[in-house]
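Both backbone and side-chain heavy atoms feed into the values below; hydrogens, waters and symmetry mates do not. Atoms within a ligand are numbered from 1 in the order they appear, just like the ligands themselves. Because the structure is a prediction, the values reported are computed rather than measured.
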Amino acid sequence: MYTTRWIAPSNIAIVKYWGKFDHQIPANPSLSFTLTHSHTDTKLTVIESKTTQNDDPTLEVFYDGISKPEFQPKILKFLQAILNEYPWLKGKLLKIETKNTFPHSSGIASSASGMAALACCIEDLHATYFVGQPFRWHKASESARLGSGSACRSVYGGFVQWGHSSDGEGSDFFATPVQEVHPNFKTIYDYILILDSGEKSVSSTVGHSLMKNHPYASHRFKQGKENTVKLKAILKTGDWRRFIELMESEALTLHAMMMTSTPPFILMKPKTLEAIQKIWQFRQTTNLPIGFTLDAGANLHLIFTADALEAVEQKLLPEVQYLCEQNTIIKDLIGRGPFKAD
Ligand code: PMV
């Protein structure tokens, strides 16, 4: 019996991944930062079982101590995708005990942190017990990608790129950390305004596939490629105005893609627009480095640098908190990435 436990945070994309080819190859590169508090904590126990070596692993999945057979198909599909890299998984019984620090449907990608945590557990057991070699971060990232595309970025801390860009950097197969980041962006916050905690009306699987026959797809992919290179230059120089301009354009373009797909989806709610107006007004009057991004849902991610922390806490939150369900705001910030627990 072998066991390990890893904690992996979620991430928030500034340049969005929306549209993919077979085997989880992204249509354009994306760039995110990894969070701190919003994470998944996963314990993996590998038990010898009586099935033959050629069989798929069998699973027991517990979320917060409760058996969750409904989680098995997605995890099994992920394990099947990485069996070539980790053949020792064949025929084993895997007990997966997992929990998140953040609520479901909160606008935080649990698939990103969940798949990153599981991929790190598997790479760790592989490195420690099955081959006796150092932990390979890029392999953990590559596996996580096969579970959920954006999960590959959660294997690293700080700002992270996934997908090759025209400057010759990045890979479509695994994520890589962005090396040069100006001190202005070393501490960056993500406060998630829970404006609507209902189920998303479009899953990312459906969303990616809607880009296949989308009339604006090729322009969007070109823009995503250009924005990845532009964002890295901005991260180097520390120009927060250009950072916010690019970030908000990416978020609104993601939603514009959904609104103009067939069938169309409108994921923003009236409160999302109200909160955006408040943020824009606040930025105009204070000239502080505060902007927003959105994932494929209604909740707004308020993104700001350390210079704006006090003003956000004291002046902006009282103006937007009443819009949030049960006044809920999840407060997070950039972090260092996954680590082994215990
Ligand atoms: O990793 P997926 O397949 O859940 O897709 C994530 C898509 C977005 O969250 C909308 C954007 C991104 O790059 O994280």
Side-chain angles (χ1 to χ4, degrees), residues 8-35 38 40 74-75 77-78 81 100 102 104-119 141-156 159-163 165 170 172-176 178 190 192 199-212 214 217 220-221 223-225 227-228 231 246-259 261 265-268 272 292-301 303 332:
S10 191
N11 68 75
I12 179 71
I14 307 300
V15 178
K16 306 291 183 183
Y17 149 58
W18 201 241
K20 64 178 170 183
F21 307 118
D22 287 348
H23 308 294
Q24 303 274 87
I25 298 299
N28 63 265
S30 55
L31 209 157
S32 58
F33 68 83
T34 301
L35 300 173
S38 305
T40 300
K74 190 171 181 192
I75 298 175
K77 199 169 160 225
F78 163 62
N100 297 332
F102 51 92
H104 187 58
S105 295
S106 58
I108 300 168
S110 58
S111 57
S113 52
M115 289 298 174
L118 188 54
S141 175
E142 189 168 345
S143 302
R145 181 194 106 239
L146 295 168
S148 165
S150 57
C152 73
R153 299 186 310 239
S154 269
V155 167
Y156 296 98
F159 284 93
V160 182
Q161 174 177 343
W162 168 41
S165 49
D172 288 345
F173 300 101
F174 49 84
T176 45
V178 174
D190 179 6
I192 304 135
E199 281 292 325
K200 293 196 281 194
S201 53
V202 61
S203 69
S204 57
T205 312
V206 171
H208 290 298
S209 69
L210 288 172
M211 289 302 281
K212 287 218 159 83
H214 197 293
R220 163 60 203 152
F221 299 149
Q223 181 197 40
K225 286 174 194 164
N227 277 349
T228 302
L231 180 56
L246 185 150
M247 172 173 72
E248 292 184 349
S249 161
E250 277 287 318
L252 294 172
T253 303
L254 172 72
H255 282 252
M257 289 299 111
M258 289 186 249
M259 287 192 234
S261 65
F265 289 94
I266 301 179
L267 299 186
M268 285 192 261
T272 315
F292 71 85
T293 188
L294 292 156
D295 252 344
N299 296 324
L300 204 72
H301 292 247
I303 308 286
D332 216 329

- For atom 8 (C) of ligand 1, the protein heavy atom that lies nearest, with its residue and separation: Asp295 OD1, 3.7 Å
- Task: Decide yes or no on side-chain contact (heavy atoms from CB on, under 4.5 Å) for Gln24 and Cys152, but give the supporting numbers first.
- Result: CA-CA 11 Å; Gln24 303 274 87; Cys152 73; over 6 Å; no
- Phe221 and His214: CA distance, side-chain angles, deciding distance, side-chain contact (heavy atoms from CB on, under 4.5 Å) verdict: CA-CA 11 Å; Phe221 299 149; His214 197 293; over 6 Å; no
- Task: Using distance alone, decide if ligand 1 has a nitrogen or oxygen within less than 3.5 Å of any nitrogen or oxygen in Ser148.
- Result: yes
- If we number the atoms of ligand 1 from 1 as shown, the ones under 4.0 Å from a heavy atom of Gly149 are 1 (O)
- Counting from 1 in the order shown, the ligand 1 atoms closer than 4.0 Å to a non-hydrogen atom of Ala13 are 12 (C), 13 (O), 14 (O)
- Does NZ in Lys212 sit with more than 12 non-hydrogen atoms of other residues, nucleotides or ligands closer than 6.0 Å? yes
- Hey, are Lys16 and Thr293 close enough side-chain-wise for a donor-acceptor pair under 3.5 Å? yes
- Protein residue, atom and distance nearest to atom 2 (P) of ligand 1, heavy-atom basis: Ser204 OG, 3.5 Å
- Message: Check contact between Ala109 and ligand 1, using heavy atoms of the residue and a distance below 4.0 angstrom.
- Response: no
- Message: Classify the ring geometry of Trp18 against His208: parallel below 30°, tilted from 30° to 60°, perpendicular beyond 60°.
- Response: tilted
- How close does the nearest protein non-hydrogen atom get to atom 3 (O) of ligand 1, and which residue and atom is it? His208 NE2, 3.0 Å
- Query: Run the side-chain contact (heavy atoms from CB on, under 4.5 Å) check on Ser143 and Phe174 step by step: do they pass?
  - Reply: CA-CA 8 Å; Ser143 302; Phe174 49 84; over 6 Å; no
- Item | Distance from atom 14 (O) of ligand 1 to nearest protein heavy atom, with residue and atom | Arg153 NH2, 2.7 Å
- Task: Consider only side-chain N and O atoms of Thr40 and Asn100, and report whether a donor and an acceptor are under 3.5 Å apart.
- Result: yes
- Would you mind listing which atoms of ligand 1 come within a distance below 4.0 Å of any non-hydrogen atom of Trp18? 7 (C), 10 (C)
- Message: At under 4.0 Å between heavy atoms, is it the side chain or the backbone of Lys20 that contacts ligand 1, or both, or neither?
- Response: neither
- Message: Could you tell me if the side chain of Leu246 sits less than 4.5 Å from the side chain of Val15, heavy atoms only?
- Response: yes
- For ligand 1, note which part of Ser150 has a heavy atom under 4.0 Å away: side chain, backbone, both or neither. both
- Item | Shortest protein heavy-atom distance from atom 11 (C) of ligand 1, along with the residue and atom involved | Tyr17 O, 3.5 Å
